[in-house]
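These numbers come from the heavy atoms of this one structure, side chains and all, not from hydrogens, waters or symmetry mates.
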Amino acid sequence: MDEDIMSALEILCENECKDTDIEKDESQFLEFKKSREEHFYRGGRVSWWNFYFSSENYSSAFVKRDSFEELTTLIQQCADSPKPVFVKVINLYHHPGCGGTTLAMHVLWDLKQKFRCAVLKNKATDFVEIGEQVSKLMSYKATSHEDFIPVLLLVDDFEEQENAYILQNAINAFIAEKGLRYEKTLVIILNCMRSQNPDESAKLANSISLKYQLSPKEQRAFEAKLQEIEKEHKNCENFYSFMILKGNFDTTYIKNVVKNTLKDLDAKSRRAQLISYLALLNSYVTDSTISVSQCEIFLGITYTKKYGKPETVEKNMGTYSTLLIRTEVSDYGRYTGIRIIHPLIATHCLKELEMSYRMDKCQIALNMLEENVLYDSGLGRDKFKYDVQTLLLTRQRKEHGAETDTLFSPLIEELQNEETEKVLIAGSDRFPQNAFICQALARHFYIKEKNFSTALVWANLAKRKAPKNSYISDTLGQVYKSELKQWLGKNKTCGNISVDDLAYFLEVAEKASKAFKESQNQSDSKDYGTEAWSPQNSQRRYDTFNTAGFFGEIEVGLDTIQLLQLTPLFHKENEISKESMAEFLSGKGTILSDPKGEYCVVLSKFTSLLQNLHSDLERCFHFFGDYMGFLKPRNTPKELTELLLSKKVSRCFKKYVELFCHLDTNLVQGKEDLLLQKENCRKRIQAWRADTFSGLLEYLNPNHKEANNIENIVGNYTFLLQDILNKQLSKVLTKDIQNFILANIILSCLKPSSKYILPFSTL
């Protein structure tokens with residue numbers, strides 16, 4: 001097979017590592033083996049060679065984690081399932097640096113005779129292209145569908161959990177389009193993801209967790225392995241990553257290693273600064289590095305020979321180099337980077353630097369942002385810039401395996417308000433084109449400091465830098481909305497709002513509504529910006545739709561109603577004025593005469609906002625009905641997030657119903673009576689969310705709380721459409737007829753014997 005055309009995949013061959021020239025020279029091979037093992041035990045990524053050494057008895061058996069059998073069995077069960085599917089996803093959630101990737105690769109090595117095994121090496125490749133390459137791998141040398149060999153594809157550390165399921169759908173679609181027949185599961189994606197809470201993440205179906213905790217059996221296996229290592233390697237006390245694992249992630253051991261290594265550090269030296277930058281990046285940003293080239297320039301290493309050999313970064317760093325390791329980087333071109341050997345070592349380095357040398361995170365971040373040489377010179381500077389911006393911007397989300405949803409990046413969350421401003425402003429100076437740092441500053445000022453005027457300055461600056469981005473338009477709307485919400489929170493018990501306050505906050509509401517509408521339009525546009533931080537080479541999110549502008553408009557609409565209820569015209573304690581306000585906000589009524597006249601003058605200036613408020617709210621609720629019904633994600637992590645949004649929308653809808661679906665009980669005689677009854681029918685149908693196709697479909701959801709209402713819905717539609725049912729000419733909306741037919745179909749599904757179901761011929 002031509003592996004060159006498989007540019008996105010690293011294929012694990014059945015005979016991987018066998019019959020190479022290096023193995024024919026015994027002394028050279030032993031030196032090679034020693035080097036590979038040392039790199040791995042110090043903290044480098046495992047390679048296929050490490051498994052080969054064990055399988056060919058060049059070393060003792062590779063340590064099998066307890067989860068090895070569980071994961072292998074789960075993969076085999078998916079492959080042998082009596083209900084096969086094109087593509088299955090299995091998740092392995094692990095604490096950073098606890099051996100998750102090693103376990104996943106060990107399983108691939110063990111199953112390479114049964115499956116076509118591959119690792120996704122270029123996660124930025126278009127998913128359709130990945131689907132094509134996986135399909136070629138599966139069908140290689142097959143003469144019919146019965147000869148297909150299932151593919152086991154390892155995906156290591158997608159930026160977002162959801163991407164594994166989007167990849168699953170893309171491969172599914174590609175195979176389906178090709179019309180390939182299948183009698184067994186064709187592709188199994190082993191999705192290996194770092195998580196701050198693996199047990200919680202692994203509650204998903206087909207998921208396994210790996211934590212900072214060894215079983216007694218695993219501890220015995222690592223103890224035995226250490227005895228072998230001690231015989232073959234002289235400096236094994238510096239194999240810190242292996243020792244951390246063997247010692248069951250003992251905090252005291254890690255703390256002592258860091259304290260002893262960093263003893264007598266000159267805090268102002270280049271070495272100390274380099275360690276501090278790496279510690280900060282490696283503690284917060286997955287797979288972050290500083291290239292060897294950049295390190296050499298930063299440390300002032302020139303290519304003059306010292307003691308007969310060119311100086312290396314490791315020699316320059318002296319004993320501190322035991323905390324560092326080289327790693328191959330393939331993003332933004334191929335080069336060698338340097339990182340701290342283990343995530344827990346990096347975290348403790350930060351603590352030690354602050355405790356013993358007064359180098360806190362804020363100061364380290366500021367120093368790093370001001371270090372021109374790292375941004376201007378050396379290979380890998382684009383990746384470094386990306387990592388620094390990720391450090392400032394990327395938030396944690398539960399749906400991506402984090403313990404909590406954060407409002408800001410984890411680093412920013414841990415800084416004090418004053419420190420946050422300093423770091424983000426320095427970030428904005430360093431990356432003047434990045435609108436999202438301005439957005440983060442706007443969010444900081446309106447969320448943390450309630451300083452809305454400064455927040456507006458930053459939000460507008462972000463808007464100028466990224467005018468088409470829906471998330472930034474939403475942030476502008478959020479600043480206005482938050483100011484209105486804060487005022488309402490403080491003044492909800494006040495008798496009457498002043499005319500000046502009414503004018504000011506209606507203007508704020510109008511600006512918020514405008515920003516949210518713009519965000520909605522940009523979400524619909526094909527060229528709207530992505531969320532937060534997503535450069536070209538990112539393992540990007542593929543199918544997001546920004547709903548924030550719609551929910552923002554709902555909230556600001558309800559807040560505007562609350563504002564109006566503080567005026568003498570529509571006071572909240574006057575029940576009759578509720579009906580007048582509903583009429584006014586629906587564009588049907590006029591403002592009541594006001595003795596003072598001032599309130600009327602103010603409201604007349606915002607006629608467009610107010611008289612369209614009902615229809616704007618209705619449009620947004622209809623959007624969410626369609627979004628939840630038709631577009632909701634097909635994977636559990638995202639569904640849980642959407643469920644929270646759905647509950648928020650439902651709470652808002654109840655407030656909307658109270659005002660706009662209030663039934664008129666003042667029935668009169670004749671034609672007016674019939675019109676009023678029809679109006680009440682419409683209000684009931686809307687309150688039951690039965691006025692849209694998606695709202696009706698939701699009644700088929702087994703968890704729907706008001707499924708029994710479907711008979712009432714059909715009854716109300718029957719009353720509305722009585723003219724057409726009696727074959728009398730009448731002006732009827734096509735939408736009403738469609739909804740009526742669908743309501744009958746749903747009723748026949750839920751209650752087949754119901755007397756309200758119309759005959760098929762009538763429908």
Heavy atoms, side chains only, cut-off 4.5 Å: are N712 and R684 in contact? no

Which residues pass the ring-ring contact (aromatic ring centres under 6.0 Å, His included) test with F624, sequence neighbours left out? none

Side chains of residues 502-511: which donor-acceptor pairs under 3.5 Å do they make with residues two or more places apart or in other chains?
{"from": "Y504", "atom 1": "OH", "to": "E483", "atom 2": "OE2", "distance (Å)": "2.7"}
{"from": "E507", "atom 1": "OE2", "to": "K511", "atom 2": "NZ", "distance (Å)": "3.4"}

Q686 side chain near F621 side chain, heavy-atom distance below 4.5 Å: no

D474 and Q478: side chain donor to acceptor below 3.5 Å: yes

side-chain contact (heavy atoms from CB on, under 4.5 Å) partners of K514, counting only residues at least two apart: none

Would you say CZ of F693 has more than 12 non-hydrogen atoms from neighbouring residues, nucleotides or ligands within 6.0 angstrom? no

Between atom CD of Q196 and atom OG of S201, what is the distance when rounded to the nearest 0.5 Å? 9.5 Å

How long is the straight-line distance from CE of M368 back to CG of L280, given to the nearest 0.5 Å? 5.0 Å

Short question: side chain of S577, backbone of S580 - any donor-acceptor pair under 3.5 Å? no

Start with the C-alpha distance between H444 and E449, add both sets of side-chain angles, then the distance that settles side-chain hydrogen bond (donor to acceptor under 3.5 Å, both in side chains), and finish with yes or no. CA-CA 7 Å; H444 165 75; E449 300 204 12; 3.0 Å; yes

Under a 3.5 Å distance rule, please check whether N460 uses its side chain to pair with a backbone N or O of L456 as donor and acceptor. yes

Under the salt bridge (charged side-chain N to carboxylate O under 4.0 Å, His left out) test, which residues partner E200, sequence neighbours left out? K203

Is NZ or CZ of R430 both nearer than 6.0 Å to the six-membered ring centre of Y375 and within 45° of the ring axis? yes

If we ignore hydrogens and angles and just use 3.5 Å, is the side chain of T406 paired with the main-chain N or O of S409 as donor and acceptor? no

Is it the case that the side chain of S586 and the backbone of A582 share a donor-acceptor pair, with hydrogens and angles ignored and the cut-off at 3.5 Å? yes

Could you tell me the separation between the CD atom of Q439 and the CH2 atom of W458, rounded to the nearest 0.5 Å? 13.0 Å

Tell me whether the centres of the aromatic rings in Y627 and F550 are closer together than 6.0 Å. no

Counting C-beta onward and ignoring hydrogens, is there a side-chain heavy-atom pair between L391 and D387 closer than 4.5 Å? no

Is the shortest distance from a Lys or Arg side-chain nitrogen in K683 or D691 to a carboxylate oxygen in the other one below 4.0 Å? no

Could you go through R194 and D287, starting from their C-alpha distance and side-chain angles, then the distance that decides it, and tell me whether this counts as salt bridge (charged side-chain N to carboxylate O under 4.0 Å, His left out)? CA-CA 11 Å; R194 299 179 198 201; D287 293 333; 3.0 Å; yes

Looking just at side-chain N and O atoms, do Q486 and Y446 make a donor-acceptor pair shorter than 3.5 Å? no

With heavy-atom distances below 4.5 Å as the criterion, would you say the side chains of V556 and L484 are in contact? yes

If we count only N and O atoms by modelled type, under 3.5 Å, do the side chains of Y717 and D736 hold a donor and an acceptor together? no

Taking side chain as C-beta onward, heavy atoms only, is L369 less than 4.5 Å from D429? no

Assess the side chains of S523 and N521: does a donor N or O sit below 3.5 Å from an acceptor N or O? no

Do N680 and Q677 have a side chain donor and acceptor closer than 3.5 Å? no

Answer yes or no: is there a side-chain heavy-atom contact under 4.5 Å between V601 and E598? no

Walk me through whether V285 and T394 qualify under side-chain contact (heavy atoms from CB on, under 4.5 Å). CA-CA 9 Å; V285 182; T394 302; over 6 Å; no

Can you confirm whether I554 sits close enough to F516 that some side-chain heavy atom of one is under 4.5 Å from a side-chain heavy atom of the other? no

d(F623 CZ, M628 CE) to nearest 0.5 Å is 8.0 Å

Between Q396 and E413: side-chain donor-acceptor atoms closer than 3.5 Å: no

Kindly say whether T607 contributes a backbone atom to a donor-acceptor pair with the side chain of Q611 at under 3.5 angstrom? no

Check the surroundings of atom NZ in K448: do more than 12 heavy atoms from other residues, nucleotides or ligands lie under 6.0 Å from it? yes

Look at the side chain of S473 and the backbone N and O of E518, then say whether any donor-acceptor pair between them is shorter than 3.5 Å. no

Taking only residues at least two apart or on different chains, which pairs with a member in residues 553-562 satisfy side chain to side chain donor-acceptor pair (under 3.5 Å)? K481-E555, K485-D559, K517-E553, Q520-E553, E553-R619

From N469 atom CG to T475 atom OG1, the distance as rounded to the nearest 0.5 Å: 8.5 Å

Give a yes or no answer on whether the side chain of N491 reaches the backbone of C494 with a donor-acceptor pair at less than 3.5 Å. no

Do you see a donor-acceptor pair shorter than 3.5 Å between the side chains of H571 and Q565? no

Could you give the distance from CD1 (I713) to CZ (R689), rounded to the nearest 0.5 Å? 12.0 Å

Taking only residues two or more places apart in sequence or in another chain, which ones pass salt bridge (charged side-chain N to carboxylate O under 4.0 Å, His left out) with E414? K361

